[in-house]
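All chains are named by letter (A, B, ...) in the order of the sequence lines, taking the proteins before the strands, and each is independently numbered beginning at 1.
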Amino acid sequence: MMMLFHLRRRFYLLRAGTGIQQAWTSSSCFFKDPSSSSSSGLVLQSQSTDVFQNLALEDWIDAHLDLQQRSILLLWRNRPAIVIGRHQNPWTECNMPAMRRAMIPLARRRSGGGTVYHDLGNLNLTFFASKKAYDRQRNLKVVTEALRRVCPELDVQATDRFDILLKGHYKISGTASRLSRKSSYHHCTLLHSADRSALSSLLRPSCTGIQSNATPSVPSPVANLTDHAPSLQWEELLEALVQQYNSEFGLTSALTPVSPSDESLFPGVGNMEAELRSWEWTFGKTPKFRVETQLELRDEQLAAGCSAYLHMEVKNGLVESCRMDIPANWLPLRLSSTLSEVLLGERFCPHRAAAALTVFLRSESGQLHRRLCNLCEVLLAVMG
Amino acid sequence: MFGSRTLRTAVAWRGPIVQFKLSDIGEGIMEVTVKEWYVKEGDKVSQFDSICEVQSDKASVTITSRYDGVIRKLYYDVDGTALVGKPLVDIETESGSELSQEEDVVETPAMAREEHTHQEIKGHKTQATPAVRRLAMENNIKLSEVVGTGKDGRILKEDILNFLAKQTGAILPPTPLFHEIQTPGLAPSTPAATPMSIPAGVKPPPTAPKPVFSGKDVTEPLKGFHKAMVKTMTAALKIPHFGYCDEVDLSRLVLLRSELKTTAERHGVKLSYMPFFIKAASLGLLHFPILNSSLDEGCQNLIYKASHNIGLAMDTSQGLLVPNVKNVQSLSVFEIAQELNRLQALGAAGQLGKSELNGGTFTLSNIGSIGGTYAKPVILPPEVAIGALGKIQVGSKPSHQ
């Protein structure tokens, strides 16, 4: 539902030295009415580092602001988080057990594309425009020109895949976008000083054996801007980007801080944030996939083992079918089939499965219990 | 389809089938991958409803309907390649409705008043937002029959509600629509086409939940956790149960806890009564280790468990689970409280895992936390005993000296 939102200009204070304009928040915050100003652009800087709040803010702007007459640039960054594309499979894209241990959240965004690692050293830029004005290369030009301005020695180039490469080799920016009925947004990352070791350890599959048609990520060698231009300051980068954006689009917008959790400014943004945090969105939107994998089972007490096969289909994040081929002399067929039944219809999630399986385990004892315990452990490892 | 309210036959009301073609996405893109369908054949759609999600080159695109009608055919499966300019879906539109020829349908605010008589049915473009259109469709109302009271005869949500109120005197199902008719003078919660201010400080009068009579039995298959529970509970109730109940004077415990509570809070720990009960249980088990045992298969042997892994029944989003505190015999009340906080946080987040849920040797169930006084708990195999705690009450029972 499109809603025209007219707000008046906010007062701002110039901060000497850095050149960044800061705004004082008044109890009611206003943006300038586009029809009454020569500049029909807006540059916003999110004050939040919560990935869900920032994604919700993107959604809100896309749904509520009239982009036919103006364009908007939103600058934001997040505390460590992994963000997957709209049609991706989190189990193949990232290492969820490792993320849980490191308390790094997983978010699914509404735009397409691949998986990215965000932290405070990564800048996100979102270019909002009407569908007619959607032009990703032009937006990326803003970034490359701004970089060349602050660091003339940097060799940066946008590719036809909408990546930005440093020295023709290292990826410093990736792109994704979303097109709705009349509006569009194109967002990209920009690696200023991100933690590259965390990036590489987390962006690997949670488990093997998954077959799906979900959008795969294309891994690339990455680099931080500060690896090659160590003196580049964060504020300097922001300022250059704002200037270049204004210059490219003929605008005179000031950098305006906003708080994505402000319901008075963005009514309904809380609900959008809640939806982005929900299991139904994050996992339930995973395209249908199959799990075909070999399970190595072990009975420690008897120092014995065997191989079994797991066939599962997961749709909307729920186990739609489950079959385990386990040798009958290892576990009675009735147990394997009952176990499959217990998993059916439940979320493909190690916690939900653990809850169901733990209850199930109580009804068996002795050798069977031991082997079932082992089977459950192996199954849970498949679920990430 | 806007047919007769009592009788709906697709044949009698069949309208023209329109091939909705995939319009230009931009940037010279000629084909996209269909990623998700939001509709299926037979579904009703309104103009601007989402039809499907397609992906092209890192762009995720939502395709919305240009027409009101019924989906009659989907041209692609999920993961199929859809071509720009070729049909995406077939929509059966209402007979006589205006078909837009434009690429992008723009909602025009101004409409000539002459076009807005409700005697005109053909060639009539009724002015209403998609939300209002949907509301009308859901209630089988022809927009042309509703008098619009908005700007330029635009039909507002209130107009639909008034129309409905006049139409039906019978019991309406308790949808949000029904509540809005019940409480006039309050604005609907969704943003409306024209602003209507909510009087400050007015809250909707509290309504008792009205019994919903849908008239149909609903079947829901048991799955996952609940299915497993059936099996386990059946096994549990085969265990011969012996129960023993008593009342305990907790006056001194209440005092002790209130003294220690603030100290615990300073260390970031929330101290309830449970850590005390858990520790007390463990101390009791030291005297009566048989209660911390397990019978093996065939009831041949009794295995005395060394660790006191005391479980606490917890209601979580995963279901009624029993995570346990490991090795209570070696923990202080404060350490038990810490661990309990951790388990409760995991339970609330739906993240209790195998290590928390397995290995219990004795269980406590706190029925008092939901206000119960007495309970008849069920032993959780392979354990042999379970304790249930009722609510702490202020009373005047004589205490034993």
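- Between the CZ atom of A:R100 and the CE atom of A:M96 there is a distance of 7.0 Å, given to the nearest 0.5 Å.
- Under the 6.0 Å distance and 45° angle rule, A:R181 counts as a cation-pi partner of B:F48.
- Put simply, the side chain of A:V314 does not reach to within 4.5 Å of the side chain of A:T286, judged on heavy atoms.
- At a 4.5 Å heavy-atom cutoff, the contact between B:N358 and chain A is made by backbone and side-chain atoms alike.
- Both the backbone and the side chain of B:T232 come within contact range of chain A, with heavy atoms under 4.5 Å apart.
- Only the backbone of B:L352 comes within less than 4.5 Å of a heavy atom in chain A; its side chain stays farther off.
- Looking at B:E356, there are no atoms closer than 4.5 Å to chain A (heavy atoms on both sides), in backbone or side chain.
- Only the side chain of A:R86 comes within contact range of chain B, with heavy atoms under 4.5 Å apart.
- Looking at residues two or more places apart in sequence or on another chain, you find a side chain to side chain donor-acceptor pair (under 3.5 Å) between A:Q301 and A:R370.
- Contact annotation for A:R110: only backbone heavy atoms (N, CA, C, O) come within less than 4.5 Å of a heavy atom of chain B.
- For chain B, the nearby part of A:L361 is the side chain; its heavy atoms alone come within less than 4.5 Å.
- Contacts of A:Q367 with chain B are made by backbone atoms alone, with heavy-atom separations under 4.5 Å and no side-chain atom involved.
- For B:E53 and A:R178, the salt-bridge test passes: some basic side-chain N is under 4.0 Å from an acidic carboxylate O.
- Heavy-atom distances place no part of A:S184 under 4.5 Å from chain B, backbone and side chain included.
- Side chain to side chain, B:T81 and B:E31 fail the donor-acceptor criterion of an N or O pair below 3.5 Å.
- The pair A:K288-B:D79 fails the salt-bridge criterion, with no side-chain N (NZ, NE, NH1 or NH2) lying under 4.0 Å from an Asp/Glu carboxylate O.
- If you measure heavy-atom distances from A:C373 to chain B, the contacts under 4.5 Å come from both the backbone and the side chain.
- Proximity to chain B (any heavy atom under 4.5 Å) is restricted, for A:L380, to the side chain, taken from C-beta onward.
- Neither side chain, A:T159 nor A:R161, offers a donor N or O lying under 3.5 Å from an acceptor on the other.
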